[in-house]
Amino acid sequence: MLPMLPYHPIAHYFLLTLFGSILSTHIHACTSSESTSLLSFAFTLSSPSLNWTTMDCCRWEGITCDVAGRVTHLHLSSKGLKLKGGIFSSSPLRNLTHLTHLNLSHNSLYGSLDQAGFILSLGPLEVLDLSFNLLSGELPGSLSNNIRMVDLSSNRFHGAIPSSFFQQAKNLTRFNVANNDFSGYIPSSICVHSSSLIRLLDFSHNNFGGNLSRGLGNCSKLEVFRAGYNNLSGSLPEDIYYATALEEIAIPANSFYGGISNRILNLTNLAILDLYLNNFSGMLPIDIGKLSKLKVLLLHSNNLEGFLPPSLVNCTNLLELNLGFNLLKGNISAFNFSRLGQLRKLDFMSNHFTGILPISLYSCKSLRAIRLSLNNLEGQIQPEIVSLKHLSFLSLSGNRLTNVTGAMNILKGCRRLTVLILSTTFIGEEMPDGAHMADFDGFQNLRILALRGCELTGQIPIWFSKLKKLEILDVSLNRITGSIPTWLGTFPMLFSINLGSNLISGEIPKELCTLPMLLSEQTAAQVDHGYLELPFFASQAVPDASILQFNSLSYYPPSIFLGNNSISGNIPTEIGKLQRLRTLDLSANQVSGNIPDQISNLKNLEKLDLSVNHLSGEIPPSMKSLSFLSYFNVSYNNLEGEIPKSTQLQGLNVSAFEGNLKLCGSPLLNLCQSFNVTDTDDDKNDGNQILGFHISVVLGFTIGLVGVCGSLLLIKTWRDAYFKFLNNVQDRLKC
């Protein structure tokens with residue numbers, strides 16, 4: 001019997017560690033064939049190089065092996081991978097015969113999956129994620145039977161999805177091909193072959209067309225169906241209401257029509273219903289409140305009509321409710337919003353609602369955004385709105401509200417307010433100012449202020465100068481008088497000003513050309529504009545401008561609109577400092593002097609309107625360097641000389657230059673006369689010679705005439721002989 005060795009904890013720990021290391025090495029040792037395949041794949045990449053240098057490929061970054069050392073997982077997402085060339089489907093990855101998970105998403109891989117049966121060659125593959133790459137071509141004929149998840153979103157695939165594509169995919173649970181260029185019909189056979197397991201289908205942002213075929217009702221476990229932003233049409237298939245596990249239906253921006261069926265109430269698990277920007281009509285289901293799990297209801301931009309169903313208040317989990325741009329009606333103040341305690345966003349824009357602002361709305365303490373614009377509401381803004389401590393977006397434009405001064409005094413108590421749009425309401429009142437806005441300390445977070453089209457009188461109020469976070473100011477289409485205050489150029493964040501169509505006089509202050517956010521891209525890049533709670537709608541003040549939607553102020557064009565006022569004086573040369581400016585409108589004023597050459601420094605300028613002023617001189621030749629200029633108008637001034645030759649200016653309509661009698665050159669029919677110095681001197685010499693010849697002839701004739709006539713008058717014998725000669729000639733002519 002062997003003697004017992006004494007127990008040493010350190011030695012015991014060392015032996016266990018050594019044994020574990022040996023066992024681990026034995027379990028995870030990479031096979032040479034798969035190591036070679038991985039290295040071959042790495043060789044096809046141009047950048048960056050993978051740090052695969054150790055002997056055991058199972059320890060490489062992004063690699064997972066099974067107990068036999070066979071590669072099962074390859075996860076290299078967001079590594080900046082790029083192929084050197086060739087077809088992606090020829091990748092040596094096909095030699096990884098036990099690969100179950102392949103994730104190469106968020107890289108720059110390109111090529112096609114259709115050739116050489118790449119997907120089918122990976123027989124055991126269960127998860128395939130190639131999203132956010134540059135892959136193209138058509139899909140292969142079918143998927144493998146082991147596949148559970150396929151994500152090919154955000155690539156460049158095109159063509160139709162083959163009808164046989166899902167025939168072998170018995171275990172498919174998630175299929176995402178969003179944001180590609182697929183066309184044809186959305187296949188209806190998916191749920192025939194994968195009916196027991198499929199949970200997510202995403203076909204959004206493609207070019208699918210036609211009707212949505214029957215078949216979704218067979219997807220008994222389908223939870224998410226997305227097909228928005230396509231060319232789909234027709235009515236929703238009735239069998240979609242059999243898919244009772246559905247939690248999300250998102251089919252916006254198509255051409256679906258017909259009513260919203262009452263059978264949608266069968267989908268009691270529905271949390272997101274997104275049908276916006278279609279042609280749905282009719283009334284909302286009267287018992288829509290049975291969808292008590294609804295969190296997001298987006299039905300805007302359709303043709304829905306009728307009244308708000310009272311049962312809607314039973315959707316107590318609603319976070320976002322958007323019914324804007326429809327034909328809904330009724331007294332909104334009679335609707336009890338108080339039960340929608342979790343509501344964060346409410347948008348009823350552009351309907352036919354009447355009544356006053358509903359007091360019950362102020363019970364929704366979670367509200368961050370309210371838009372009730374373009375309805376028929378009346379009355380005043382109530383003080384209770386201050387209780388909405390999270391309110392950051394408020395738009396009540398296009399109603400019949402009164403007491404703008406009272407409204408401003410109340411709303412300045414909404415400390416988190418960032419967007420305030422009160423255009424085309426408070427008609428004909430006086431701009432809040434003076435004692436009414438004394439000790440002003442509100443709106444410290446305000447980024448957008450719009451009081452457009454209210455016909456407000458008075459001057460630009462001094463309390464505007466305290467809005468240090470203001471980025472967009474629009475007080476156009478009012479009756480504002482006085483001059484542009486110099487402090488308007490001191491706003492640290494302001495990059496869009498619209499004072500157009502007022503009664504403003506005086507000169508353009510040079511201080512306006514010092515706005516930091518218009519000076520350089522470097523300054524602007526330091527500002528995080530973020531996203532708005534609701535989209536902001538705006539149109540540029542140029543002919544035929546369409547209404548644009550902005551979800552973030554990052555995309556809103558830097559601009560100055562001063563048109564249609566009584567502004568005089570010269571255009572300040574300092575205007576050339578505003579290098580971020582994309583729109584400048586000084587039209588229909590009394591601006592005089594020359595167009596400053598410095599305006600050509602505005603390299604990002606897209607729209608320039610200087611029409612109907614008193615500008616003189618030439619159009620600066622340097623303006624031909626404004627390569628982004630798409631709209632330009634200098635009509636009805638006193639300009640002269642040749643229009644600078646550039647692709648932008650010559651491509652404009654004649655109306656952009658008309659009303660300048662001394663202006664010439666394309667596109668005007670009034671062509672400029674060309675002068676050459678050498679030719680002009682020759683012409684002058686030729687003219688002098690001709691003039692000398694004419695003078696010599698006249699002088700010779702005069703001298704000869706005087707000599708002959710003088711001799712006849714002074715010498716009698718010559719005179720008698722001359723008349724005798726004439727008599728003889730006359731006699732001969734009579735014969």
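With sequence neighbours excluded, no residue satisfies salt bridge (charged side-chain N to carboxylate O under 4.0 Å, His left out) with E305. Residues that satisfy the salt bridge (charged side-chain N to carboxylate O under 4.0 Å, His left out) test with R174, not counting sequence neighbours, are absent from this structure. For R368, there are no salt bridge (charged side-chain N to carboxylate O under 4.0 Å, His left out) partners at least two apart in sequence or on another chain.
Proximity of a side-chain donor or acceptor of N314 to a complementary backbone N or O of K290 within less than 3.5 Å is not detected. Panel note: side chain R156, backbone Y110; no donor-acceptor pair is recorded below 3.5 Å. A donor-acceptor contact shorter than 3.5 Å is absent between the side chain of D274 and the backbone of P252. For T425 (side chain) and L401 (main-chain N/O), a donor-acceptor pair under 3.5 Å exists by modelled atom type. Side-chain N or O atoms of N254 include one that pairs as donor or acceptor with a backbone N or O of N230 at under 3.5 Å. The main-chain N or O of S255 is found under 3.5 Å from a side-chain atom of N278 such that the two form a donor-acceptor pair. Judged by distance alone, with hydrogens and angles left aside, the side-chain atoms of S154 form no donor-acceptor pair with the main-chain N or O of S131 at under 3.5 Å. Under the 3.5 Å distance criterion, the side-chain polar atoms of T72 are matched with a main-chain donor or acceptor of T64. The backbone N or O of S392 sits less than 3.5 Å from a side-chain atom of T418, completing a donor-acceptor pair. A distance-only check finds a donor-acceptor pair linking the side chain of S311 to the backbone of G289 [under 3.5 Å].
Inspection of the Y242 and R263 side chains reveals an N or O donor paired with an N or O acceptor under 3.5 Å. N145 and N171 share no side-chain donor-acceptor pair at under 3.5 Å.
Checked against the 6.0 Å centroid criterion, the rings of H529 and F550 do not qualify as a close aromatic pair. Taking the centre of each ring, F325 and H300 stay at or above the 6.0 Å mark.
Side-chain contact between I147 and L125 is present, with heavy atoms from C-beta onward closer than 4.5 Å. A heavy-atom distance below 4.5 Å is not found between the side chains of L216 and L246. Counting heavy atoms from C-beta on, the side chains of F41 and L104 come closer than 4.5 Å. The shortest distance between side-chain heavy atoms of L275 and I251 falls below 4.5 Å. Between H158 and E138 the shortest side-chain heavy-atom distance falls below 4.5 Å. By the 4.5 Å heavy-atom criterion applied to side chains, V150 and F165 are not counted as neighbours. Side-chain contact check for Y362 versus L357: some heavy-atom pair is nearer than 4.5 Å. Within the 4.5 Å cutoff, no side-chain heavy atoms of K82 are placed close to those of N107.
Ring geometry, F208 versus F182: the interplanar angle falls under 30°, so the pair is classed parallel (tilted spans 30 to 60°). Classified by interplanar angle (parallel below 30°, tilted 30° to 60°, perpendicular above 60°), the ring pair F256/F280 is parallel.
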Checking side-chain contact (heavy atoms from CB on, under 4.5 Å) for the pair H75/H101: CA distance, chi angles, key distance, verdict?
-> CA-CA 8 Å; H75 192 296; H101 292 68; over 6 Å; no

Can S387 and K365 be said to form a side-chain hydrogen bond (donor to acceptor under 3.5 Å, both in side chains), step by step?
-> CA-CA 7 Å; S387 65; K365 302 302 182 182; 3.1 Å; yes

side-chain hydrogen bond (donor to acceptor under 3.5 Å, both in side chains) between K293 and N269: does it pass, once the steps are laid out?
-> CA-CA 6 Å; K293 294 182 180 180; N269 291 305; 3.0 Å; yes

Any chance you could lay out the side-chain contact (heavy atoms from CB on, under 4.5 Å) test for F203 and L232, step after step, and finish with the verdict?
-> CA-CA 11 Å; F203 301 98; L232 300 170; over 6 Å; no

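The shortest non-hydrogen separation linking P237 to Y241 is O-CE1, 4.2 Å. Residues N445 and K469 come closest through the heavy atom pair OD1-NZ, 3.0 Å.
For CG of L327, the number of neighbouring non-hydrogen atoms (other residues, nucleotides, ligands) closer than 6.0 Å is greater than 12.
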